[in-house]
4 protein chains.
Amino acid sequence: MLNRVILIGRLTKDPEMRYTPAGVAVTQFTLACDRPVSQGKEKEADFINIVAWRQLAETCANHLKKGRLTAVEGRIQVRNYENNEGKRVYVTEVIADNVKFLDTNKDGSQRADRPDTARDPFQDDGKPIDISPDDLPF
Amino acid sequence: MLNRVILIGRLTKDPEMRYTPAGVAVTQFTLACDRPVSQGKEKEADFINIVAWRQLAETCANHLKKGRLTAVEGRIQVRNYENNEGKRVYVTEVIADNVKFLDTNKDGSQRADRPDTARDPFQDDGKPIDISPDDLPF
Amino acid sequence: MLNRVILIGRLTKDPEMRYTPAGVAVTQFTLACDRPVSQGKEKEADFINIVAWRQLAETCANHLKKGRLTAVEGRIQVRNYENNEGKRVYVTEVIADNVKFLDTNKDGSQRADRPDTARDPFQDDGKPIDISPDDLPF
Amino acid sequence: MLNRVILIGRLTKDPEMRYTPAGVAVTQFTLACDRPVSQGKEKEADFINIVAWRQLAETCANHLKKGRLTAVEGRIQVRNYENNEGKRVYVTEVIADNVKFLDTNKDGSQRADRPDTARDPFQDDGKPIDISPDDLPF
DNA sequence: TTTT
DNA sequence: TTTT
């Protein structure tokens, strides 16, 4: 009924964009979210898989890079499929509907790689009515 | 750095409480969160695993039942282990730190099974410093 | 950049729907959100003003009533105006983009007043591009 | 019952720390949260007042400055008082329980002003049991 | 001005 | 009274 997630973390790798058979853009990346440090423990993180569709997929693919500090808003989705050994595998992902770049570039400039011409590309309802979890090409 | 989840859904089964070898209470249950309905699709839900520790584990075990409408606040945790075939398995769960019972009972009374004597037992910081994902007994 | 609120509480009164001069529906109501009880204190609540626009305004006006347990998702908005004494007054509201009715009716039935025919009327992007805080008719 | 806010924005001024008569530290600052840009409108922001107590108050006062990009997690609180003209004034604030510094310093270094010796000072339950909204010294 |  |  209500399913909302907000994460801040860093990309573990460059994002990967693919297309569904129907030609819809999907971008996948993983966010490393550091857990609050507890004494006597080394630093730990949760590695959370993010999926963005359509226009949001494209802007993520164009502007995000490994290591970038990023805020993601979305919802948890759990899908399952049968693997090649006939076993059911469950995959949990966050379907993003809002992504914010929080990093400055190494030279200190602010998000210089973001095209000025884009009319806030970060708007996407994240609820594509004709796309189901099973359309994911990975 | 920041990792927050808020869910409202219904329990798919009665919760299960266990204890770690060190004697810490842990309760596990699954929340069915209906996805927004899209036309031409049958109703779908995400089934999200919830974990509660300690006092929150006990109140969840005592007061939640299959079918109950429940709000859960917490953070996403991803842990992994090697299964008996030597393969790494990834498990995603929501570690609850706040759980609210939203249901009235069938007879219309409000949460009659909740003991009056408890001074809001639903307060728990959910961040037990001496417990790690690997302590989970399931 | 990111501004997200999730509340669960009860309506202090019946909601009020009005129209802007341009004919857009707006509904206003107040949610009483109980604070976590602390010992030695009587029970306290925060009374938070909610605003819903357009279709969401209409479904809120039709289905919510005083006392109903309700979940609201939205964003904080702060607007200001000059009062009749020439003083600037600041008003903080939550602009809802998702509202869930959590209550059963008194007779135990589930949300019987909600028309079956409506294709989830609770979808609204809450971001009406041609409406500004100053359009509020109250 | 549930009351959660997550904001990302920039400080409009340096934070101000004070003490209650009982000697408890409180820090106040304002976050400018840009609204999603809509065409035909100049850029707008919501200016949201944040309050942090105790240890979190001190780390905010020490490490935040005007202009810093900051994530705040907390809950909405509405308090009211009678002003000097005998009128009831309502004040809405976000009581922070988690604050993250998202900015690098001007020289490109990462949060160099944060003392290494502090064992994550950003943990605070934000629910001081002996403090009420009326204790605020501003 | 406040809800159960 | 407002930030980049």
Side-chain angles (χ1 to χ4, degrees), chain A residues 100-105 108-112 114 116, chain B residues 100-105 108-112 114 116 120, chain C residues 1-3 7-16 28-35 37 42-50 64-72 78-80 82 87-91 101-106 138, chain D residues 1-3 7-16 28-35 37 42-50 64-72 78-80 82 87-92 101-106 138:
Chain A
K100 297 295 177 193
F101 309 159
L102 303 175
D103 252 355
T104 55
N105 292 319
S109 68
Q110 282 267 56
R111 287 176 274 144
R114 182 175 165 192
D116 268 340
Chain B
K100 297 294 178 196
F101 309 159
L102 302 174
D103 253 355
T104 56
N105 293 319
S109 67
Q110 283 266 56
R111 285 175 275 145
R114 183 175 165 191
D116 268 342
D120 194 359
Chain C
M1 292 198 55
L2 190 151
N3 179 339
L7 303 170
I8 298 180
R10 291 183 185 277
L11 290 238
T12 60
K13 290 202 260 178
D14 288 354
E16 282 181 43
Q28 204 274 347
F29 58 91
T30 298
L31 223 54
C33 294
D34 294 335
R35 296 188 191 144
V37 210
E42 38 192 314
K43 211 175 130 216
E44 290 169 311
D46 290 290
F47 298 99
I48 301 171
N49 293 318
I50 314 293
L64 288 176
K65 291 234 168 53
K66 175 175 174 173
R68 285 286 166 88
L69 188 67
T70 307
V72 168
V78 183
R79 60 189 170 97
N80 62 80
E82 213 165 278
K87 261 177 102 175
R88 197 128 292 266
V89 180
Y90 291 84
V91 182
F101 308 159
L102 303 174
D103 252 355
T104 55
N105 293 318
K106 296 224 182 67
F138 40 81
Chain D
M1 290 198 54
L2 190 151
N3 179 339
L7 304 171
I8 298 180
R10 291 185 185 276
L11 290 239
T12 61
K13 289 203 262 178
D14 288 355
E16 282 182 44
Q28 204 274 348
F29 57 92
T30 299
L31 223 53
C33 293
D34 294 335
R35 296 188 190 144
V37 210
E42 37 191 316
K43 210 176 130 217
E44 291 169 312
D46 290 290
F47 298 99
I48 301 171
N49 294 318
I50 314 292
L64 288 176
K65 291 235 165 52
K66 174 176 175 172
R68 286 284 167 88
L69 188 67
T70 307
V72 168
V78 184
R79 60 189 171 98
N80 62 79
E82 213 164 279
K87 261 177 101 175
R88 197 129 293 266
V89 181
Y90 291 84
V91 182
T92 303
F101 309 159
L102 303 174
D103 252 356
T104 55
N105 292 319
K106 295 220 183 69
F138 38 79

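A, B, ... follow the sequence lines: proteins, then strands. Residue 1 opens every chain.
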**Request:** Rounded to the nearest angstrom, tell me the gap between atom CG in C/L69 and atom P in E/dT4.
**Result:** 11 Å
**Asked** Of the nucleotides E/dT4, E/dT2, F/dT2, which one has an atom closest to the side chain of D/T12?
**Response** F/dT2
**Item:** Per D/A45 side chain, nearest of listed nucleotides E/dT3, E/dT1, F/dT3
**Value:** F/dT3
**Asked** Between D/L7 and D/D46, is a side chain to side chain contact (heavy atoms under 4.5 Å, CB included) present by the stated rule, with each step listed?
**Response** CA-CA 11 Å; D/L7 304 171; D/D46 290 290; over 6 Å; no
**Complete:** Separation of F/dT3 atom P from D/D14 atom CG, nearest Å, is 12 Å
**Asked** For the pair made of CZ in D/F29 and C1' in F/dT3, what is the distance, rounded to whole Å?
**Response** 13 Å
**Item:** Separation of atom CZ in D/R10 from atom C1' in F/dT2, rounded to whole Å
**Value:** 14 Å
**Asked** Would you say C/V37 and C/R35 make side-chain contact, with heavy atoms under 4.5 Å?
**Response** no
**Request:** Measure the shortest side-chain to side-chain distance between D/M1 and C/L69 over non-hydrogen atoms and say whether it is less than 4.5 angstrom.
**Result:** yes
**Asked** Given atom CG of C/L64 and atom P of E/dT2, what is their separation to the nearest angstrom?
**Response** 21 Å
**Item:** Minimum-distance nucleotide (side-chain atoms of C/R88 versus E/dT4, F/dT1, F/dT3)
**Value:** F/dT1
**Message:** Categorize C/G67 for me: base, sugar-phosphate, or nothing, with a 4.0 angstrom heavy-atom threshold over every strand shown.
**Reply:** sugar-phosphate
**Complete:** A/K100 atom NZ is separated from F/dT3 atom P, nearest whole Å, by 20 Å
**Request:** Could you state the atom-to-atom distance from CG of D/N49 to P of F/dT3 in whole Å?
**Result:** 14 Å
**Request:** Would you indicate which nucleotide in F/dT2, E/dT4, F/dT3 comes nearest to any side-chain atom of D/T30?
**Result:** F/dT2
**Asked** D/D34 has a side chain; which of F/dT4, E/dT3, F/dT1 sits nearest to it?
**Response** F/dT4
**Length of the CZ-P vector between A/F101 and F/dT4, whole Å** = 21 Å
**Message:** Tell me whether D/D103 is salt-bridged to D/R10, with the criterion being a basic N under 4.0 Å from an acidic carboxylate O.
**Reply:** yes
**Prompt:** Can any side-chain N or O of C/D14 pair as donor or acceptor with the backbone N or O of C/K66 at less than 3.5 Å?
**Reply:** yes
